[in-house]
2 protein chains.
Amino acid sequence: MENTAENVRAQMRKGVLEYCILSILNKREAYASAIIEELKSVGMIVVEGTLYPLLIRQKNQGLLSYRWEESTQGPPRKYYVLSDKGREQLAQMDAAWQELVDGIQTLKQA
Amino acid sequence: MENTAENVRAQMRKGVLEYCILSILNKREAYASAIIEELKSVGMIVVEGTLYPLLIRQKNQGLLSYRWEESTQGPPRKYYVLSDKGREQLAQMDAAWQELVDGIQTLKQA
DNA sequence: TATAATACCTTGTATCACAAAGTACCTAAA
DNA sequence: TTTAGGTACTTTGTGATACAAGGTATTATA
């Protein structure tokens, strides 16, 4: 599982979702349902069965950690937090995303 | 195999490549190797084994047609041409792409 | 003590893209 | 004329992403 700039760009084609998760958690810690709500609010439909495995994957890669927190309205929540490694990954993905956007814009001109 | 605006956006998450192919063929007809070269020129590495099945898929969906053309430098080439249906699909994908770009920008603010 | 709501998790499936290998055509050199 | 090399198109097997659907567990309320 490499992590070159080229690999990041390859990952970008699939897995825009992974980029979105890191971007959300870069602003504030959050639990799964809140993440889904925020994604929906910008037009990205995501379901639980997609998000949970993704969060677990990112946690196993050391990009995230989590802590349990009691809720006043139901069962405890798993709040995810971006790690230093996650912030590095996010920086790489920011660059890759910008390159993709620029690349497509270039394609459409000419 | 539906084709709602929502479905287009879902497709966008994977399959940015499909969007790129239609965008290239919207400018001019082209054969596979030329398409690969143009994609490489904007930083998107694509290999034959990815592109050929994709072109066949799009042709089977009626988005493209092709014609054979003799080459002075080797075997004949399959030149792909965007169909009316392909142009419609491209217009939908243009909108979906813009929404995705806007959505991510919104995510990163706030 | 049921019931509903919230939250987390798992399994099976379809699709995308890649790696690797194969087929076919054309040209030029031996 | 046969061989080698380049160009172009195709197929097969694999890994990863996301979805659909269903399941488990906790909490509050009727």
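Quick caveat, the model's predicted, so the values are computed rather than measured. Note on naming: letters A, B, ... go to the chains in the order of the sequence lines (proteins, then strands), and numbering restarts at 1 for each one.
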Minimum heavy-atom distance [X]-[Y], with the two atoms named:
X	Y	value
B/Tyr80	B/Leu25	O-CD2, 3.6 Å
B/Gln61	B/Lys85	O-NZ, 2.9 Å
B/Lys59	B/Ser65	CG-CA, 4.4 Å
A/Gly86	A/Leu22	O-CD1, 4.2 Å
A/Ser83	A/Gly62	OG-O, 2.6 Å
A/Leu82	A/Arg87	O-NH2, 3.5 Å

For C/dT15 and B/Arg57 - does any side-chain N or O of the residue sit under 4.0 Å from the phosphate oxygens OP1/OP2?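 Checking C/dT15 against B/Arg57, no side-chain N or O comes under 4.0 Å of OP1 or OP2.
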Is there a side-chain polar atom (N or O) of B/Tyr31 under 4.0 Å from OP1 or OP2 of D/dC9? no
Starting at [atom1] of [X] and ending at [atom2] of [N], how long is that distance when rounded to a whole Å?
X	N	atom1	atom2	result
A/Ile56	D/dA16	CD1	C1'	16 Å
A/Leu55	C/dT10	CG	C1'	15 Å
A/Lys78	D/dA25	NZ	P	14 Å
A/Leu54	D/dA20	CG	P	16 Å
A/Ile35	C/dA7	CD1	P	12 Å

Using the test side-chain contact (heavy atoms from CB on, under 4.5 Å), find all partners of A/Pro76 that sit at least two apart in sequence or belong to another chain.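 A/Pro76 satisfies side-chain contact (heavy atoms from CB on, under 4.5 Å) with A/Trp68, A/Glu70 only.
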Could you go through B/Glu18 and B/Gln89, starting from their C-alpha distance and side-chain angles, then the distance that decides it, and tell me whether this counts as side chain to side chain contact (heavy atoms under 4.5 Å, CB included)? CA-CA 10 Å; B/Glu18 178 169 357; B/Gln89 173 78 6; 4.2 Å; yes
Considering only heavy atoms, which members of [range] lie under 4.0 Å from some atom of DNA chain C?
range	result
residues 45-53 of chain B	B/Ile45, B/Val47, B/Gly49, B/Thr50
residues 16-24 of chain A	none
residues 63-77 of chain B	B/Gly74, B/Pro75, B/Pro76

Apart from B/Val81 itself, what residues make up its hydrophobic cluster when side-chain heavy atoms of I, L, V, M, F, W and Y under 4.5 Å apart count as a link, directly or indirectly?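 Its cluster mates, by chain and number: none.
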Quiz: residues 29-44 of chain A side-chain donor-acceptor pairs under 3.5 angstrom, not counting sequence neighbours:
| unit_1 | atom_1 | unit_2 | atom_2 | d |
| --- | --- | --- | --- | --- |
| A/Glu29 | OE2 | A/Arg67 | NH2 | 2.1 |
| A/Tyr31 | OH | A/Arg77 | NE | 3.4 |
| A/Tyr31 | OH | A/Arg77 | NH2 | 3.2 |
| A/Glu38 | OE1 | A/Arg28 | NH1 | 3.2 |
| A/Glu38 | OE2 | A/Lys27 | NZ | 2.5 |
| A/Ser41 | OG | A/Glu38 | O | 2.6 |

Tell me whether B/Gln109 at atom CD has more than 12 heavy atoms from other residues, nucleotides or ligands lying less than 6.0 Å away. yes
